[in-house]
J.: 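Take a look at this one; I'll ask things after.
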Amino acid sequence: MSILDIRVLGDPVLRQETKVVTEFTDELQRLIDDMFETMRHARGIGLAAPQVGRAERLAVVDLGDDPFVIINPEVIVSSAARVRGEEGCLSIPDIYGDVERPKSVTVRALSRHGEPFERDASDLLARCVQHEIDHLHGKLFLDYLSVLKRTAALAKWKLQAADYPGYVRRVALETPDDLDEHGHREEEL
Ligand code: K2U
Ligand code: ZN
């Protein structure tokens, strides 16, 4: 498995529509495994294929105890109840904003082996799957912010965009939070 580079704001791939997955090849399985490893290294709980520069309509999700893949996902039920919550994005590091979304959703998707399933989600899991499905249609959480908040977020992003030449975030070179600068885990000290 590999840790992939993450594409950041400004890369056109994040604004493109993805392609429906029709073939469940060994290469697709490798991409899925690499996306899980990349998401975990970047301390995320979700990751969509465009974020690693791929056009497949798929995302991986893992809040910590139940990893799953959503391929060609659609939200088929949304609750009338909506909640606001803070969101960030692995493709827009260090930028956060409040987004209002349905509190609960039902998602219809294919598994990594092409089997159809439906899954209910609420709270953080619902927010995550909606955030990932947005990625598959070129939508980012910034798009939900007020003009004022989005302008402020983009101004802040411009100050740090130079850290990501070519709109690439080299996740493999990043030190996970629980390692010190020597690569030792805190409890090893
Ligand atoms: O798609 C991504 O960029 C990963 C997102 C998914 C997400 C965004 C907002 C709310 C929930 C999930 C995050 O950057 S993953 C980072 C994270 C970790 C714990 C809780 C919330 C966000
Ligand atoms: Zn994101």
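One-based numbering, in listed order, for ligands and for the atoms of each. By convention here, the first residue in the shown sequence is residue 1.
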J.: Are R127 and E87 close enough for a salt bridge, meaning some N to O gap below 4.0 Å?
T.: yes
J.: Quick check on A48 - does any of its heavy atoms sit under 4.0 Å from an atom of ligand 1?
T.: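 Judged by the 4.0 Å heavy-atom criterion, A48 does not count as contacting ligand 1.
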J.: Return the closest protein heavy atom for atom 13 (C) of ligand 1 as residue, atom name and distance.
T.: G88 O, 4.0 Å
J.: With heavy-atom distances below 4.0 Å as the criterion, list the atoms of ligand 1 near C128.
T.: 12 (C)
J.: Which atoms of ligand 1 are found less than 4.0 Å from any heavy atom of C89?
T.: 3 (O), 14 (O)
J.: Counting each atom of ligand 1 from 1 as listed, which ones have a heavy atom of G46 under 4.0 Å away?
T.: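 It comes down to these atoms of ligand 1: 1 (O), 2 (C), 4 (C).
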J.: Does R112 count as lying over the ring of F24, i.e. NZ or CZ under 6.0 Å from the six-ring centre, within 45 degrees of the axis?
T.: no
J.: Under 4.0 Å between a side-chain nitrogen and a carboxylate oxygen: does that hold for E86 and R101?
T.: no
J.: Check ligand 1 against L90 and write out every atom of the ligand that is under 4.0 Å from a heavy-atom position of the residue.
T.: 2 (C), 3 (O), 4 (C), 14 (O)
J.: Evaluate whether atom CZ of R150 has more than 12 neighbouring non-hydrogen atoms of other residues, nucleotides or ligands under 6.0 angstrom away.
T.: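 More than 12 heavy atoms, drawn from other residues, nucleotides or ligands, come within 6.0 Å of this atom.
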J.: Does Q51 come within less than 4.0 Å of ligand 1, judged by its heavy atoms?
T.: yes
J.: Start with the C-alpha gap between Y167 and L9, add the side-chain angles, then the distance that decides, and say whether side chain to side chain contact (heavy atoms under 4.5 Å, CB included) holds.
T.: CA-CA 7 Å; Y167 303 119; L9 188 64; over 6 Å; no
J.: What residue among V61, V69, L31 forms side-chain contact (heavy atoms from CB on, under 4.5 Å) with F36?
T.: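 In the set V61, V69, L31, the residue that makes a side-chain contact (heavy atoms from CB on, under 4.5 Å) with F36 is V69.
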J.: Could you verify whether a donor N or O on one side chain and an acceptor N or O on the other, from Q51 and S91, lie under 3.5 Å apart?
T.: yes
J.: If hydrophobic clusters are built by linking Ile, Leu, Val, Met, Phe, Trp and Tyr wherever their side-chain heavy atoms come under 4.5 Å apart, do L90 and M35 end up in the same one?
T.: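 In one cluster with L90: M35, yes.
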J.: Same cluster or not: L47 versus V13, using hydrophobic residues (I, L, V, M, F, W, Y) connected whenever any side-chain heavy atoms lie under 4.5 Å apart?
T.: no
J.: Tell me whether K139 forms a cation-pi arrangement with Y144, defined as NZ or CZ under 6.0 Å from the six-membered ring centre and within 45 degrees of its axis.
T.: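 Yes, a cation-pi geometry holds between K139 and Y144.
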J.: Will you find, in the side chains of E174 and H41, an N or O donor that is under 3.5 Å from an N or O acceptor?
T.: no
J.: Please indicate whether any nitrogen or oxygen in R43 is less than 3.5 Å from any nitrogen or oxygen in ligand 1.
T.: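 Between R43 and ligand 1 (N or O atoms, distance only) the closest approach is not under 3.5 Å.
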J.: Taking the minimum heavy-atom distance to atom 9 (C) of ligand 1, which of E87, E132, H135, Q130 ranks first?
T.: E87
J.: Between L124, I45, V99, which one has a non-hydrogen atom sitting closest to atom 12 (C) of ligand 1?
T.: I45
J.: Listing by chain and number, which protein N, O or S atoms are under 2.8 Å from the Zn ion (ligand 2)?
T.: C89 SG, H131 NE2, H135 NE2
